[in-house]
Amino acid sequence: MNEQTFSLQPFPSTKSLLNLKIAGNIARNANQLTICYSLGGDLKEIALAKPTGGIAPPSNAPSRKHELWEDTCFEFFLGINGSARYWEFNLSPAGHWNVYRFDGYRQGMQEETAFEKLPFSVQNQADGFALALDVDLDKIVSAEQAIEVGITTVIKHRDGEVSYWALTHLGVEADFHLRDSFIVKL
């Protein structure tokens, strides 16, 4: 099993950032991928699936939804070593989700139909929020293929401002699709 911890950094911006910390761990055991995010800090200023700020309970009927990145969204990008193809996984604090497949950098985006559901857990904690996903990758990659992962999060503030968090920011603008930022090797 290959497990790594991570800590995300905000994209440098003029907005003074709230006192937030986004960290977690990711592991691959055979072809089972587990990723856990932990968000800590001043969460009352963040729109976490609740229009008045703070954390709303997860939806009773989580479903596949588009454009989750327009609100607070935990994401990761998964590519196969040596291939231009990659996938974008979106996980909403409300329990909604989606997976998109790309043929190359921002090319050929389409919903990945190999996944009919993407169950993940959302937990409110005294000092923050946690989200964990355990997913079988057999439908999109083989266990023998080396994968590269970019771990990201979009944070929407109550005032409507958005901040972009990633392992690394390599572009002049926040761009989670840059393949050079898929720096976790599993």
Side-chain angles (χ1 to χ4, degrees), residues 1-9 11 22-39 58-59 61-123 129-154 164-171 174-186:
M1 182 159 108
N2 186 350
E3 182 173 353
Q4 297 180 39
T5 59
F6 62 84
S7 180
L8 302 185
Q9 307 304 315
F11 186 79
I22 304 172
N25 58 65
I26 185 169
R28 184 179 186 193
N29 187 6
N31 220 14
Q32 199 70 22
L33 183 78
T34 303
I35 186 166
C36 303
Y37 296 83
S38 174
L39 172 62
S59 169
S63 61
R64 175 174 277 202
K65 291 199 172 188
H66 293 288
E67 300 176 346
L68 292 172
W69 57 81
E70 291 184 355
D71 292 298
T72 296
C73 183
F74 296 84
E75 305 178 343
F76 65 95
F77 293 75
L78 184 151
I80 300 168
N81 189 24
S83 169
R85 176 177 276 190
Y86 66 97
W87 291 264
E88 175 182 347
F89 289 73
N90 299 152
L91 308 168
S92 159
H96 304 301
W97 63 277
N98 214 330
V99 181
Y100 300 97
R101 182 178 67 244
F102 293 83
D103 298 328
Y105 175 74
R106 295 185 179 271
Q107 299 291 311
M109 176 180 170
Q110 51 188 305
E111 201 169 71
E112 177 55 77
T113 56
F115 297 99
E116 295 172 13
K117 60 184 177 174
L118 204 61
F120 58 96
S121 66
V122 175
Q123 293 180 321
F129 169 86
L131 185 146
L133 168 69
D134 196 11
V135 62
D136 186 341
L137 298 177
D138 280 339
K139 295 175 180 175
I140 58 171
V141 299
S142 74
E144 296 77 39
Q145 290 175 300
I147 59 172
E148 304 164 337
V149 183
I151 304 170
T152 62
T153 300
V154 175
Y164 300 93
W165 296 67
L167 294 169
T168 184
H169 295 280
L170 300 175
D175 186 351
F176 297 157
H177 292 258
L178 290 172
R179 191 59 182 260
D180 288 346
S181 65
F182 295 19
I183 60 174
V184 174
K185 312 291 186 208
L186 296 172

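Each residue takes its place number in the sequence, starting with 1.
- In this structure, the side-chain contact (heavy atoms from CB on, under 4.5 Å) partners of Ala114, at least two apart in sequence or on a different chain, are Glu112, Lys139, Ile140.
- Minimum heavy-atom separation, Pro119 to Lys117: CD-C, 3.7 Å.
- Annotation: the span from Phe176 atom CZ to Arg106 atom CZ amounts to 10.0 Å, rounded to 0.5 Å.
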Open item on the list: Assess the residue pair Thr153 and Leu39 against the criterion (side-chain contact (heavy atoms from CB on, under 4.5 Å)); give the C-alpha distance rounded to whole Å, side-chain angles, the decisive distance to 0.1 Å, and a yes or no.
Closed with: CA-CA 10 Å; Thr153 300; Leu39 172 62; over 6 Å; no
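- Aromatic rings from Phe6 and Tyr37 are positioned such that their centres are separated by under 6.0 Å.
- Crowding of Gln110 atom CD: a count of heavy atoms from other residues, nucleotides or ligands under 6.0 Å exceeding 12.
- Atoms OG and CG, from Ser83 and Asp103 in turn, are 9.0 Å apart once rounded to the nearest 0.5 Å.
- The aromatic rings of His169 and Phe11 lie perpendicular to each other, with more than 60° between the two planes, well past the 30° mark.
- The heavy-atom pair separating His96 from Ser63 by the smallest distance is ND1-N, 3.1 Å.
- Ile35 has its side chain out of reach of Val149: every pair of non-hydrogen atoms, C-beta onward, lies at least 4.5 Å apart.
- Residue Leu133 holds its CG atom at 10.5 Å from CH2 of Trp97, rounded to the nearest 0.5 Å.
- Within the 4.5 Å cutoff, side-chain heavy atoms of Leu178 are placed close to those of Tyr105.
- Of all non-hydrogen atoms in Pro62 and Gly95, the two that sit nearest each other are CB-O, 3.0 Å.
- When only modelled atom types and interatomic distance are considered, His177 and Tyr86 share a side-chain donor-acceptor pair under 3.5 Å.
- No side-chain heavy atom of Val184 sits under 4.5 Å from any side-chain heavy atom of Phe76.
- Using a 4.5 Å heavy-atom cutoff, the side chains of Asn90 and Val99 are not in contact.
- Under the side-chain hydrogen bond (donor to acceptor under 3.5 Å, both in side chains) test applied with Asn98, the options Glu88, Lys65, Glu111 reduce to a single match, Glu111.
- Here the CD atom belonging to Glu148 is positioned 10.5 Å from the OG atom belonging to Ser181, to the nearest 0.5 angstrom.
- Across all non-hydrogen atoms, the minimal contact from Cys73 to Leu68 is CB-O, 3.5 Å.
- With contacts defined as side-chain heavy-atom distances shorter than 4.5 Å, the pair Thr152/Tyr164 does not qualify.
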Task: side-chain contact (heavy atoms from CB on, under 4.5 Å) between Lys185 and Asn81, intermediate numbers included - done: CA-CA 9 Å; Lys185 312 291 186 208; Asn81 189 24; over 6 Å; no
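- Among residues two or more places apart in sequence or in another chain, the side chain to side chain donor-acceptor pair (under 3.5 Å) test is passed with Thr34 by Asp134.
- Taken from CZ in Phe120 to OG in Ser92, the straight-line distance is 6.0 Å, to the nearest 0.5 Å.
- Under the 30°/60° scheme for interplanar angles, the aromatic rings of Phe77 and Phe182 are found to be tilted.
- To the nearest 0.5 angstrom, Phe115 atom CZ is 10.5 Å from Arg101 atom CZ.
- The minimum heavy-atom distance between Arg179 and Ile80, with the atom names listed, is NH2-O, 2.8 Å.
- Residues Leu167 and Gln9 share a closest heavy-atom pair of O-CG, 4.3 Å.
- Panel note: side chain Gln145, backbone Ser142; a donor-acceptor pair is recorded below 3.5 Å.
- Residues Leu78 and Leu33 are in side-chain contact: their nearest non-hydrogen atoms beyond the backbone lie under 4.5 Å apart.
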